[in-house]
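Numbered from 1 within each chain, the chains take letters A, B, ... in sequence-line order.
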Protein chains: 2
Amino acid sequence: MKTTRNTTAKTAVLEIFEKSTTALSHTEIYKELHDVCDRVTIYRILDRLINDDIVHKISNLDGTVKYAKCNHSHQKVHIHNHAHFSCENCNEITCLENVKPSYIMPHNYKVNEINFTLSGICPKCLNSNI
Amino acid sequence: MKTTRNTTAKTAVLEIFEKSTTALSHTEIYKELHDVCDRVTIYRILDRLINDDIVHKISNLDGTVKYAKCNHSHQKVHIHNHAHFSCENCNEITCLENVKPSYIMPHNYKVNEINFTLSGICPKCLNSNI
DNA sequence: ATATATTTGCAACAATATTGCATTAATAAA
DNA sequence: TTTATTAATGCAATATTGTTGCAAATATAT
Ligand SMILES: [Mn+2]
Ligand SMILES: [Mn+2]
Ligand SMILES: [Zn+2]
Ligand SMILES: [Zn+2]
C-alpha cells in the first residue's frame, strides 16, 4: 500500500488548520505558505488529507470551495454528516459539528455523502451590526 | 428601478430549462446556444434569472456549478429549502423538491438560505448496473 | 549509509468566470 | 410610427481556480 509521508509543507498546512476556527480556501492557505511551498503542492497536500479523512471539503453556494479539519474522531465509517454555516457578510465558513439534518429520501437513491450548508449572518456579524 | 427585459437569448435559456429534467451547467447551456449568443451573455442571463428568483444555483462538491429552474411557485418569501441529488456516476444533478431537511440551529445564527446536496448513485444508474 | 518510492517545484495547460467598452435592441414615451 | 432611454449583448482581454508531466528533492525503511 502507498504510505503517506510527513513533510514540512504538510505539517505547516495542518498547523494552519489547527489555528483556524473557520474553514479555509486553497488561496487563504497559500497566502500563509507562499514561502514554504508551491501552489500545486498545497492542492496535492489537501487531496492527501482528504483521502486520509483528516480534512473535509465544503462547497459554498457561491461556488467557492473550502477545507476544514475534521474534529470528530475517526469512527469505523467516517461520514461528514454535519452542517456548515457560510456568513454572507464576512464570508467565513464554520463547521457546525452538532447540526445534523434529518430527511426522508425517495426510494432507489443510494446516498454516499451529504453536503449541508446554511448561509446567512453569523453570530459575530450579527453582534457587530447592532 | 432597473427593469429586466425579455430577449431572444433569455427566452432560449428558459426554454432549455423547461425541457430539462436535471440541473444544467453553464457549459451545457452554451452547447445548445452557441449559435444564439455569446458565452458571457449566458453568464449574465443566469445572473439575472437568479436575481429574479426564477433560477437557482447549485454548487457541487467537485467544484461544478449547475442551475435549475424553480418549480415551486413564488411565495412571498422565496426559499430554496429543497434538496438536490448529485449522481457520482452520470454526474446529473436533480432537484428533489419534496426532500426538505429538518434541523436545529444554535442561537444567534440568522439563516437566509440553505444548500442541501446529497451525492451517490441515482435510480437510473442503479438500475443499469444490475 | 543506501535504496526506494513519495513528494515537490516548475512550467505549461485547461476550465471557468469576470470586466470594460462600444454597439445593438427592447421598451416606454411622444 | 417614430424617437428616446437604457438594458442587454458581443468581443477581446484578463482573472481565478484547478490539473498534468516530468525531473529533482526528500522522507522513510532496511
Ligand atoms: Mn469531518
Ligand atoms: Mn427553487
Ligand atoms: Zn460573519
Ligand atoms: Zn446517475
Side-chain angles (χ1 to χ4, degrees), chain A residues 1-17 23-68 86 88 91 93 115 117, chain B residues 1-17 23-68 86 88 91-93 115 117 119:
Chain A
M1 68 261 154
K2 183 159 166 160
T3 61
T4 186
R5 296 182 181 177
N6 282 320
T7 63
T8 338
K10 183 184 165 189
T11 309
V13 169
L14 281 175
E15 267 170 16
I16 290 177
F17 277 122
L24 301 167
S25 66
H26 168 272
T27 311
E28 288 166 331
I29 296 169
Y30 182 54
K31 266 183 197 144
E32 295 205 43
L33 293 188
H34 64 282
D35 286 330
V36 176
C37 67
D38 192 73
R39 259 168 48 76
V40 182
T41 302
I42 293 179
Y43 278 115
R44 298 198 260 225
I45 289 174
L46 289 170
D47 280 349
R48 267 178 283 149
L49 290 175
I50 289 171
N51 245 287
D52 293 348
D53 282 337
I54 294 169
V55 157
H56 61 282
K57 198 173 172 180
I58 307 151
S59 81
N60 206 14
L61 258 190
D62 64 12
T64 58
V65 173
K66 300 212 176 186
Y67 306 85
S86 162
E88 289 162 2
N91 293 312
I93 296 186
N115 171 30
T117 308
Chain B
M1 68 264 153
K2 186 160 164 159
T3 62
T4 186
R5 297 182 180 177
N6 281 321
T7 63
T8 340
K10 184 184 164 190
T11 309
V13 168
L14 281 174
E15 268 170 16
I16 290 177
F17 278 123
L24 301 167
S25 66
H26 168 272
T27 311
E28 288 166 329
I29 296 169
Y30 183 54
K31 264 182 198 147
E32 296 204 43
L33 293 188
H34 63 281
D35 287 330
V36 176
C37 67
D38 191 73
R39 263 173 51 76
V40 182
T41 301
I42 293 180
Y43 278 115
R44 298 199 259 224
I45 288 173
L46 289 170
D47 280 349
R48 268 180 281 148
L49 290 175
I50 289 171
N51 246 286
D52 294 347
D53 282 337
I54 294 169
V55 156
H56 60 283
K57 193 173 174 180
I58 308 152
S59 66
N60 211 14
L61 258 190
D62 64 13
T64 58
V65 173
K66 300 212 176 186
Y67 306 85
S86 163
E88 290 163 1
N91 294 312
E92 282 186 354
I93 296 186
N115 170 28
T117 307
S119 47

By side-chain hydrogen bond (donor to acceptor under 3.5 Å, both in side chains) - contacts of A:Lys10 (at least two apart): A:Asn6
A:Thr7: partners by side-chain hydrogen bond (donor to acceptor under 3.5 Å, both in side chains), with sequence neighbours left out: none
For B:Glu15, salt bridge (Lys or Arg N to Asp or Glu O under 4.0 Å) partners two or more places apart: none
- request: Could you check how far OH of A:Tyr30 sits from P of C:dT8, rounded to whole Å?
  value: 14 Å
- line: Bend of the helix from C:dA1-D:dT30 to C:dA30-D:dT1 from end-axis comparison, five pairs per end, nearest 10°, comes to 40°
field: side-chain hydrogen bond (donor to acceptor under 3.5 Å, both in side chains) partners for B:Asp35, two or more places apart
entry: none
query: Roughly, in whole Å, what's the span from NE2 in A:His34 to P in C:dT8?
result: 18 Å
field: Qualifying residues under side-chain contact (heavy atoms from CB on, under 4.5 Å), relative to A:Asp62, sequence neighbours excluded
entry: A:Asn60, A:Thr64
- prompt: CD1 of A:Ile42 versus P of D:dT19: gap in Å, rounded?
  reply: 14 Å
Between protein and nucleotides 8-10 of chain D, what N or O pairs are separated by less than 3.5 Å?
unit_1	atom_1	unit_2	atom_2	d
D:dA8	OP1	B:Thr4	OG1	3.3
D:dA8	OP1	B:Arg5	N	2.8
D:dA8	OP1	B:Arg48	NH1	3.4
D:dT9	OP1	B:Thr7	OG1	2.8
D:dT9	OP2	B:Arg48	NH2	2.2
D:dG10	OP2	B:Asp38	N	2.8
D:dG10	OP2	B:Thr41	OG1	2.4
D:dG10	N7	B:Arg44	NH2	3.1
D:dG10	O6	B:Arg44	NH2	2.8

message: Parallel, tilted or perpendicular, judged at 30° and 60°: which one describes the rings of B:His26 and B:Tyr30?
response: parallel
- prompt: Starting at CG of A:Leu46 and ending at C1' of C:dT8, how long is that distance when rounded to a whole Å?
  reply: 15 Å
- prompt: Between B:Tyr43 (OH) and D:dT14 (C1'), how many Å, whole number?
  reply: 14 Å
statement: B:Glu28 CD to C:dA15 C1', in whole Å, measures 14 Å
- prompt: What is the distance, rounded to the nearest whole Å, between atom CG of A:Asp35 and atom P of C:dT8?
  reply: 16 Å
- request: Return the set of residues passing side-chain contact (heavy atoms from CB on, under 4.5 Å) with B:Asn91 (not counting sequence neighbours), or none when no residue passes.
  value: none
- request: Can you sort out the partners of A:Ser25 under side-chain hydrogen bond (donor to acceptor under 3.5 Å, both in side chains), two or more places apart, ordered by chain and number?
  value: A:Glu28
message: Between C1' on C:dT6 and CG on A:Asn51, what's the gap in Å once rounded to a whole number?
response: 14 Å
query: Looking at side-chain heavy atoms only, is the closest gap between A:Leu49 and A:Leu14 below 4.5 Å?
result: yes
